[in-house]
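Along the sequence shown, residues carry numbers from 1.
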Amino acid sequence: MEIVKLVRNNRKSLCILMGLLIFFLGMLAAYGVGVYNDSDQYITMHIHREPLYPLFLALFRTLIGEGYLTAAAAVQNILAAVSVWVLSEYITGRFGLRLWEELLVIGLQLIPHLMTRYVSALGIFLENSVMSEALCIPLFQFYLYFLLRMIYERRRRDGILALLAAFLLSLTRGQMMSTLLIWMVVALFQMLLNRQYRRLALPVVVILAVFGLRSLSTHVYNYAVTGYFMGNTYGQVNTLTNVIYACDPEDGEALEEGSLEREFFDRFYAEADAITANYKYGGNTFTSRIQHLESYHDVLKFQVLEADLSAYYFGLGEIDYYEQSSMSDEMAGIMIRGLLPECFGQWLYDYGLLCVYGFVRSIAVVHPLLNWAALLLYVLAAGLALWQGCRARHREAVWIMGVALLFICANVCATSMTIMCLSRYMIYGFSLFYIALFLLGREWLQDVRKKAAGA
């Protein structure tokens, strides 16, 4: 209802919405639907993929039939346009922004879309693609809208809608489960500020229940699609990849001699060493180490771990793909528990390197000069937020920066646990960070001017 009223009562707002629709649908008309390596897994409802985006595609396939991917891409672009408009209008109203300032906020939200098309190695416009990010990006924008309303308006309805958006995000991409944790942190912080100490357990219980519901939903979905009541597979294999990368040959002694896990380790390590997919081939500089790890992650995972595990379990006979995937994941989990304590120091070092590039890609593009610029921007953002929060009269933008930094940290740390931090995994916090930085700077200038006028 609020959105309908906004359109009816504000011609400027309607023009902005029309402009955004023209932009996104124009990009679809210009470049068409993008089908990539991962697209088939979403179309075929692959066991590795979270359920919401495959169900989204299945809905259009059922309703439209041939040409459904174009219709789905059109809806993705419409959702993206509406989500940018809704968030921009709310921030504009909340902070009293002028037209040029609102256009800046809109532009900051469009930059990640343009970066993946014209700057990133991907070279794709995500909202045109058959990839879960195309649905995840607008869902994240709506999540931010409701989360900010939860923070500023303090209405239960907004908190529930923010939680629902986070739940849908977690069913779209596993890494976005971090949005559930951020919702919990915000709820807890608000309760602490309001001295509602007796209710502090409530957000924790709610999030545990939602995590359980997410797991149940995934199991039910996979049962309906595959006939197996199971979660998504190969998450453990992803994690094992970076563990094997960090291992030395003697680390395998932690696994029982003659056991299947030991046999797999010896084979994995020998094959990884043969193709130089091991940390000792990474070079002596931070840059060469992280570039080597990112270059060899998929090679090590697909050509060594997945190939050997699949060959073994299929070789047992009368095992289908879903059973093989489950067995491979179970074996990977056993090996991680045995090997990680042995190689933890090296694994942690590599993990830190992955996080460094993740933090850079969250707000910039990896480059020797831009890496340092990103660090300075983080220092500036944190320092300005602390200053505003402790000393200034205007503190509303501090909340947005707090959410931005919290999300970036959670997203980077969660993603680095299993895979490298590619740009398309990191773009979610980009616009929020720069919007928050702009609003912080704007509030700081307002305080300076007021103090100067008072003097």
**Q.** Residues which pass ring-ring contact (aromatic ring centres under 6.0 Å, His included) with His219, listed by chain and number, not counting sequence neighbours
**A.** Phe229

Q. Quick one: is the NZ or CZ of Arg61 closer than 6.0 Å to the six-membered ring centre of Tyr68, and within 45° of its axis?
A. yes

Q. Do the side chain of Asp329 and the main chain of Ser325 share a donor and acceptor less than 3.5 angstrom apart?
A. no

Q | Ion pair Glu89/Arg94, N-O distance below 4.0 Å | A | no

Q | Side chains of Tyr425 and Asn411, donor plus acceptor under 3.5 Å | A | no

Q: Would you please classify the geometry between the Phe286 ring and the Tyr349 ring as parallel, tilted or perpendicular, with 30° and 60° separating the classes?
A: tilted

Q) Taking NZ, NE, NH1 and NH2 as the nitrogens, is one of them in Asp248 or Lys280 under 4.0 Å from a carboxylate oxygen of the other? A) no

Q. Checking ring pair (Phe, Tyr, Trp, His ring centres under 6.0 Å) against Phe407, which of Trp183, Phe140, Phe433, Phe430 comes through?
A. Phe140

Q: Would you kindly check if the NZ (Lys) or CZ (Arg) of Arg289 is within the cone defined by 45 degrees around the ring axis of Tyr279 and under 6.0 Å from the six-membered ring centre?
A: no

Q) Under the 3.5 angstrom rule, does the side chain of Ser416 hit a backbone N or O of Cys413 as a donor-acceptor pair? A) no

Q | Charged N-O contact under 4.0 Å between Arg173 and Glu133 | A | yes

Q. Are Gln346 and Tyr351 linked by a side-chain donor-acceptor pair shorter than 3.5 Å?
A. no

Q: Could you tell me how the ring of His113 sits relative to the ring of Phe125: parallel (under 30°), tilted (30 to 60°) or perpendicular (over 60°)?
A: tilted

Q. Are Tyr296 and Thr276 linked by a side-chain donor-acceptor pair shorter than 3.5 Å?
A. yes

Which donor-acceptor pairs under 3.5 Å do the side chains of residues 299-312 make with protein atoms, sequence neighbours left out?
unit_1: Lys301; atom_1: NZ; unit_2: Asn238; atom_2: OD1; d: 2.7
unit_1: Ser310; atom_1: OG; unit_2: Glu306; atom_2: O; d: 2.8
unit_1: Ser310; atom_1: OG; unit_2: Gln324; atom_2: NE2; d: 3.1

Q. Counting only N and O atoms by type, is there a donor-acceptor contact under 3.5 Å from the side chain of Ser362 to the main-chain atoms of Gly358?
A. yes

Q) Just wondering, are more than 12 heavy atoms of other shown residues or ligands nearer than 6.0 Å to OH in Tyr31? A) yes

(Q) Pairing donors with acceptors under 3.5 angstrom, does anything connect the side chains of Ser132 and Tyr42? (A) yes

Q. Looking at the rings of Tyr90 and Phe146, which for Trp means the six-membered one, are their centres under 6.0 Å apart?
A. no

**Q.** More than 12 heavy atoms from other groups under 6.0 Å of CD on Glu250
**A.** yes

Q.
Keeping Asn77 on the side-chain end and Glu127 on the backbone end, is there a donor-acceptor pair under 3.5 Å?
A. yes

Q: Sequence neighbours left out, what pairs pass side-chain hydrogen bond (donor to acceptor under 3.5 Å, both in side chains) with at least one residue falling in residues 429-438?
A: none

Q: Could you tell me how the ring of Tyr378 sits relative to the ring of Phe359: parallel (under 30°), tilted (30 to 60°) or perpendicular (over 60°)?
A: perpendicular

**Q.** Least distance between heavy atoms, Asn242 atom then Ile419 atom
**A.** ND2-N, 4.4 Å

